[in-house]
Amino acid sequence: MHKSMPFTPFHMGPGIFLKAVLQGSFSLMVFGWAQIIMDLQPLIVLLSGEGHLHGFTHTYIGATLIGAVSAVTGKYAAEFGLRKLGATGFLPIGWAVTIFSAFVGAYSHVLLDSLMHADLEPFAPFSQRNPFLNLITIESLHKFCLYSGLIGAGIYFVLVQWLKRRK
């Protein structure tokens with residue numbers, strides 16, 4: 001069985017932190033959308049038992065294509081979601097924010113997975129080496145993802161409360 005995680009939910013921790021720090025300059029929904037699209041290939045491989053678990057989608061070239069697809073589709077999906085949630089004050093999501101969030105999502109996904117998955121070749125087809133593998137322990141990686149999300153959520157809610165009081 002393949003080691004799993006940080007599967008999509010773990011990847012959201014750093015995204016939550018970035019949202020807290022960057023506020024309106026970052027879309028957590030578009031970032032999350034990129035995470036989901038990134039993990040479609042591994043999900044299909046896990047369900048079918050066929051293919052390379054961390055193949056083309058988990059290279060920086062693949063992440064570039066996924067970032068572009070995530071930006072174009074994520075803008076509309078996120079805006080739809082925000083309308084459904086009644087959060088129209090966050091609309092529209094600008095293209096610069098959308099593109100930035102999608103590419104941060106795709107590239108950070110490759111980097112985080114590169115730290116723990118031996119089958120990942122982030123620089124393919126130019127190199128089959130993974131220079132990031134085991135730079136930190138899997139436990140430390142999981143803690144980083146979890147704690148960055150918790151700290152980010154704390155920062156976000158403190159800032160929201162502070163801004164409400166200033167009004």
Side-chain angles (χ1 to χ4, degrees), residues 2-47 53-117 120 122 132 136 138-161 163:
H2 298 284
K3 291 179 191 173
S4 61
M5 299 295 152
F7 207 61
T8 298
F10 270 81
H11 286 279
M12 291 303 292
I16 293 167
F17 181 82
L18 288 172
K19 178 62 177 178
V21 172
L22 299 176
Q23 296 288 307
S25 299
F26 185 78
S27 171
L28 186 60
M29 292 182 88
V30 173
F31 176 90
W33 182 246
Q35 301 306 318
I36 291 167
I37 293 175
M38 287 293 298
D39 274 339
L40 287 177
Q41 179 202 359
L43 178 62
I44 291 167
V45 171
L46 287 171
L47 293 174
L53 186 64
H54 295 101
F56 177 72
T57 62
H58 283 66
T59 67
Y60 285 108
I61 291 175
T64 300
L65 295 174
I66 287 174
V69 169
S70 298
V72 172
T73 59
K75 175 179 173 45
Y76 300 110
E79 288 179 345
F80 175 80
L82 288 169
R83 277 189 204 90
K84 287 294 182 191
L85 292 170
T88 56
F90 297 104
L91 295 173
I93 302 171
W95 278 107
V97 169
T98 301
I99 292 166
F100 175 69
S101 303
F103 280 91
V104 168
Y107 292 145
S108 69
H109 194 108
V110 173
L111 178 62
L112 291 173
D113 277 7
S114 294
L115 293 167
M116 68 177 290
H117 293 294
L120 206 142
F132 308 113
I136 64 172
I138 293 172
E139 181 182 352
S140 295
L141 178 61
H142 288 164
K143 285 180 180 177
F144 166 74
C145 290
L146 178 64
Y147 295 153
S148 63
L150 292 172
I151 291 166
I155 291 169
Y156 185 81
F157 288 112
V158 166
L159 284 174
V160 165
Q161 294 304 314
L163 290 172

Quiz prompt | side chain to side chain donor-acceptor pair (under 3.5 Å) partners for K75, two or more places apart | solution = E79

Exercise. With sequence neighbours excluded, tell me which residues meet side chain to side chain donor-acceptor pair (under 3.5 Å) with Q161.
Key: none

Taking all heavy atoms of [X] and all of [Y], pick out the closest pair and write down the distance.
{"X": "A106", "Y": "M38", "value": "O-CE, 3.9 Å"}
{"X": "I16", "Y": "A153", "value": "CG2-N, 3.5 Å"}
{"X": "V110", "Y": "P122", "value": "CG1-CB, 3.8 Å"}
{"X": "A78", "Y": "V30", "value": "CB-CG2, 3.9 Å"}

Name all residues meeting the side chain to side chain contact (heavy atoms under 4.5 Å, CB included) criterion together with [X]; count only those two or more places apart in sequence or in a different chain, and write none if there are none.
{"X": "S108", "value": "F31, Q35"}
{"X": "A77", "value": "none"}
{"X": "V72", "value": "none"}

Considering only residues two or more places apart or on different chains, which pairs with a residue in [range] satisfy salt bridge (Lys or Arg N to Asp or Glu O under 4.0 Å)?
{"range": "residues 148-161", "value": "none"}
{"range": "residues 21-35", "value": "none"}
{"range": "residues 10-20", "value": "none"}

Exercise. Under the side-chain contact (heavy atoms from CB on, under 4.5 Å) rule, what do L65 and V69 come out as? Steps first, then yes or no, please.
Key: CA-CA 6 Å; L65 295 174; V69 169; 5.7 Å; no

Rounded distance [0.5 Å steps], [atom1] in [X] versus [atom2] in [Y]:
{"X": "D113", "Y": "L141", "atom1": "CG", "atom2": "CG", "answer": "8.5 Å"}
{"X": "C145", "Y": "K143", "atom1": "SG", "atom2": "NZ", "answer": "13.0 Å"}
{"X": "L82", "Y": "I93", "atom1": "CG", "atom2": "CD1", "answer": "5.0 Å"}

Quiz prompt | Side chain to side chain, D39 and H58, heavy atoms closer than 4.5 Å | solution =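 They are in side-chain contact.
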
Self-check item: 4.5 Å side-chain heavy-atom contact, I66 and T57
Solution: yes

Exercise. Kindly write out the residues that satisfy ring-ring contact (aromatic ring centres under 6.0 Å, His included) with F144, not counting sequence neighbours, or none if the list is empty.
Key: none

Quiz item: Of all residues at least two apart in sequence or in a different chain, which pass the ring-ring contact (aromatic ring centres under 6.0 Å, His included) check with F100?
Solution: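 For F100, no residue satisfies ring-ring contact (aromatic ring centres under 6.0 Å, His included) once neighbours in sequence are set aside.
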
Exercise. Return each pair, listed once, that meets side chain to side chain donor-acceptor pair (under 3.5 Å) where at least one residue sits in residues 59-71; pairs must be two or more places apart or across chains.
Key: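 Applying side chain to side chain donor-acceptor pair (under 3.5 Å) to every pair that reaches into residues 59-71, excluding sequence neighbours, yields T64-Y107.
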
Quiz item: Do any pairs count as a side chain to side chain donor-acceptor pair (under 3.5 Å) and have a residue in residues 81-102, sequence neighbours left out, and if so which ones?
Solution: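 Found none.
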
